[in-house]
**Q** 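I have a structure I would like to understand better, so I am pasting it below and will then ask my questions one at a time.
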Number of protein chains: 4
Amino acid sequence: MSPKPNVSAERIPQILNAALAVFAAKGLNRATMSDVAEAAGLSKATVYLYFKDKDDLIYFALLTSLEQGFGNLEGILVSGGEVKSQILDWVQEIASQMAESATNLSIGFEFYALANRRPEIRERIQKYFQQYRQLLSEVIQKGITQGEFQSVEADSIAVAIIALFEGFNVLWFTEPNDASWLSLLANTIKLLLDSISLN
Amino acid sequence: MSPKPNVSAERIPQILNAALAVFAAKGLNRATMSDVAEAAGLSKATVYLYFKDKDDLIYFALLTSLEQGFGNLEGILVSGGEVKSQILDWVQEIASQMAESATNLSIGFEFYALANRRPEIRERIQKYFQQYRQLLSEVIQKGITQGEFQSVEADSIAVAIIALFEGFNVLWFTEPNDASWLSLLANTIKLLLDSISLN
Amino acid sequence: MSPKPNVSAERIPQILNAALAVFAAKGLNRATMSDVAEAAGLSKATVYLYFKDKDDLIYFALLTSLEQGFGNLEGILVSGGEVKSQILDWVQEIASQMAESATNLSIGFEFYALANRRPEIRERIQKYFQQYRQLLSEVIQKGITQGEFQSVEADSIAVAIIALFEGFNVLWFTEPNDASWLSLLANTIKLLLDSISLN
Amino acid sequence: MSPKPNVSAERIPQILNAALAVFAAKGLNRATMSDVAEAAGLSKATVYLYFKDKDDLIYFALLTSLEQGFGNLEGILVSGGEVKSQILDWVQEIASQMAESATNLSIGFEFYALANRRPEIRERIQKYFQQYRQLLSEVIQKGITQGEFQSVEADSIAVAIIALFEGFNVLWFTEPNDASWLSLLANTIKLLLDSISLN
DNA sequence: AATGAATGAGCGTTCATTCAT
DNA sequence: GATGAATGAACGCTCATTCAT
């Protein structure tokens, strides 16, 4: 279940990156271990040196893809200035990142689907959303504390924003050529924040 | 790509229902044609009598799962009464349905992922969302016309609502034991509608 | 092993002709019973009403294709006139027939190959060649008797002519676009007959 | 379409020989990849390591069976002595070889039949016959140059001889227990060569 | 540490054949 | 006599996984 802590632990990210690329291109199932090995410039057997089996590889690929963090959400917490506008900037930033790696979204859906059968995957995804939610919640709370927002339940707003991101992901993915998603998403979140703003 | 139009066209729903059950339980890829046949109480060869191949079966299974319509959204259009409260009722209804068929969500994610490789699947999903969006848009527009809502872009609100549904789906699916999703979703949509309401 | 002698025995040639067409087009193995049934305008089950199984159908298809006789070889026996020139005319005639149904040659090769595994097929082919040989032998003999040919072994010449036909069949089939086969065949047989002619 | 060029390229002839044996015994279609693998003492998957698919295997089996060359026909070209007698010796030699590997003839017919559907197979067979014809043609031409034969078209005689070989193959194959084919073939070719000899 | 070579286990698909109507 | 519907039995092919070197 876990990569070996070898000297050439450089192999692990090498393999994981190859895996993510191949998974995104061909889908979790059509991607073969051969594909991954080839993309990593290694032999199949070598991949098995670092990952127990394909499930293991998928699991760590998920972890890797979940590591990308939440943009500079942390920055908002420590910076001065108006929270709302900083959130809206952050939305732009995240949405732009999404737009750039649109292909990667499809792995996301496969990971979600996998959660149904693999508890450890579900747990990681849950943990990811919890952290996300927690962080976003604190940001909203800061806005409340600073007097920008009404005294609403910060957590509810955090969840709403996350749901909007995920929901627009779906719409974006199914109709990737429609360029309006980004502004629709931004406007919706703005509307939401406006509605809890104090004046 | 096409089921036969024979007398025993009862076979087709029989197989499709079996397929949906098996797909939901095992995932699109781990579900074998044997599994589907067995679940349908038929032989494998018989399944092939009605569906060209597994891809064909998956495609029509998608169509079936997309056929469930949009609740009584149409009802709102023709009924009298306040739009906002009717929308909120409808949200409750749809969300309850989702809660009941939580397992089915996982197929949904697989279908989304599949859209990347199979244009005809992407098209059907797009069409589904377009109809959904169109209908919801008309409902919002009715609210505007009736003087309930400000003169906002109805379509943007419609998309926002759909995105919220999809986004909460994701959250729900990854953490199915959390009972609060439904009310969080309902509250968020209420917040949204309140923010465009006229008083 | 044998077609039923039913009232609608018109079905039998109907099926056999369809079978020959399909066999020629797709090969004995790739041709399915469905193909044959469809080509005959009947249902699969009906084909089984008249032929026990596919092997049976192939066997009777072989018989049918062997029934085409040996051109007007018999005519030479009863006619007056020079034998040699009549044989050469007959060669032209047969070779032209071959040219017209070039596709059919491929079934021929499949039948030959099948002879290895199916004694009853080998027997029919043997019988076919024996009759052919016998008839041709008599024609040569007539030429000897008439004083056209030297007193050679008529049977050897008959076999040689048959072998030349079969051999040119192979060459023709493998290089069907070469138009010279017919004249090469005719010239070779002429050379052979000249070499046994008396002046 | 292509065997791998690895160290264990010993596998390739191993598999091809097994394939030829199985193909001859069961026919191209009834022979399964499992049969071939088993005959080669390997697993099915290993066969697929060296041959892309069954078609590929058949194609290379054809090449192998076509590689056996044309006896010492080349020897006649460089040797001194009478051409005619050397040809007749060669006929005996080739015919004996044919007699020994009578079973293999049946694959031959299947290959011919296959030429109809597979252009690359047709091409190889054509090439085979062309080389054969070219070589034989030169031998005849040498006989003409040496003053043994009349100044006939060497190529026509070459084709006639090839046709006779192929034709007798057919007859031999359909009636393998008849021991007279060899002498009939030899005599016919002798007759042909006599008829173009100069005295 | 690395891999070429090998394979067991399965899966999607086809097709000759049967049988109730 | 005719057939629509159904299926058992295979077969070609793939792929995750192992292991000797």
Side-chain angles (χ1 to χ4, degrees), chain A residues 4 6-11 29-37 40-58, chain B residues 4 6-11 29-37 40-58, chain C residues 4 6-11 29-37 40-58, chain D residues 4-11 29-37 40-57:
Chain A
K4 300 184 182 177
N6 281 329
V7 182
S8 37
E10 60 181 275
R11 286 289 109 93
N29 282 284
R30 301 177 89 90
T32 70
M33 292 301 270
S34 287
D35 291 333
V36 173
L42 296 168
S43 78
K44 240 185 305 181
T46 303
V47 174
Y48 276 92
L49 235 45
Y50 295 93
F51 295 92
K52 189 177 141 289
D53 52 24
K54 194 182 180 184
D55 279 352
D56 196 37
L57 182 55
I58 288 174
Chain B
K4 296 189 180 177
N6 283 334
V7 180
S8 45
E10 61 182 270
R11 285 291 110 88
N29 275 281
R30 302 179 91 89
T32 72
M33 294 300 273
S34 288
D35 290 334
V36 173
L42 296 169
S43 78
K44 231 187 314 181
T46 302
V47 174
Y48 279 93
L49 233 45
Y50 296 94
F51 296 92
K52 190 178 142 288
D53 53 24
K54 195 182 178 183
D55 278 352
D56 198 37
L57 182 56
I58 289 175
Chain C
K4 301 184 182 176
N6 281 328
V7 181
S8 38
E10 60 180 275
R11 285 290 110 95
N29 281 284
R30 302 177 88 92
T32 70
M33 292 302 271
S34 288
D35 291 333
V36 172
L42 297 169
S43 78
K44 240 183 310 182
T46 303
V47 173
Y48 277 90
L49 236 43
Y50 295 93
F51 296 91
K52 190 176 144 286
D53 52 23
K54 196 182 179 183
D55 279 351
D56 198 37
L57 182 55
I58 288 174
Chain D
K4 297 187 179 177
N6 281 334
V7 181
S8 44
E10 64 182 87
R11 286 291 108 90
N29 275 282
R30 302 178 92 90
T32 72
M33 292 302 272
S34 288
D35 291 334
V36 173
L42 296 168
S43 77
K44 228 188 317 181
T46 302
V47 173
Y48 278 93
L49 232 46
Y50 296 93
F51 296 92
K52 192 178 140 288
D53 53 24
K54 195 182 179 183
D55 278 353
D56 197 37
L57 182 55

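Below, chain A is the first sequence line, B the second, and so on; all start at residue 1. Every value quoted in this text rests on a predicted model; they were computed, and no experiment measured them.
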**Q** Where is the tightest heavy-atom contact between A/Met33 and A/Lys54, given as atom of each residue plus distance?
**A** SD-CG, 3.6 Å
**Q** Just verifying a value: how many Å separate C/Leu49 CG and C/Phe51 CZ, rounded to the nearest 0.5 Å?
**A** 11.0 Å
**Q** Identify, with sequence neighbours excluded, every residue that meets side chain to side chain donor-acceptor pair (under 3.5 Å) alongside C/Asp53.
**A** none
**Q** Going by the rule side chain to side chain donor-acceptor pair (under 3.5 Å), which residues pair with D/Thr32 if we only count those two or more places apart in sequence or in a different chain?
**A** D/Asp35
**Q** Do nucleotides 13-19 of chain F as a string where each nucleotide becomes B, S or -: B if the base has a protein heavy atom under 4.0 Å, S if just the sugar-phosphate does, - if no protein is that close.
**A** BBBSBBB
**Q** What residues form a side chain to side chain donor-acceptor pair (under 3.5 Å) with C/Ser43, not counting sequence neighbours?
**A** C/Thr46
**Q** Does OP1 or OP2 of E/dA2 have a side-chain N or O of A/Thr46 closer than 4.0 Å?
**A** no
**Q** If a stem is a run of at least 3 consecutive Watson-Crick or G-U pairs, both distances under 3.5 Å, which stems include DNA chain E?
**A** E:2-21 with F:2-21
**Q** Side-chain N or O of C/Tyr50 less than 4.0 angstrom from OP1 or OP2 on F/dG1?
**A** no
**Q** B/Leu49 side chain: which of F/dT7, F/dA2, E/dA5 is closest?
**A** F/dT7
**Q** Working to the nearest 0.5 Å, report the span between OH of A/Tyr50 and CG of A/Asp56.
**A** 14.0 Å
**Q** For C/Asn29, enumerate each residue passing the side chain to side chain donor-acceptor pair (under 3.5 Å) test, keeping only those at least two apart in sequence or located in another chain.
**A** none
**Q** Both B/Gly41 and C/Gly41 contact DNA chain F. Which one's nearest nucleotide lies toward the 5' end?
**A** C/Gly41
**Q** Identify which nucleotide among F/dT7, F/dT3, E/dA2 has an atom closest to any side-chain atom of B/Leu42, counting heavy atoms from C-beta outward.
**A** F/dT7
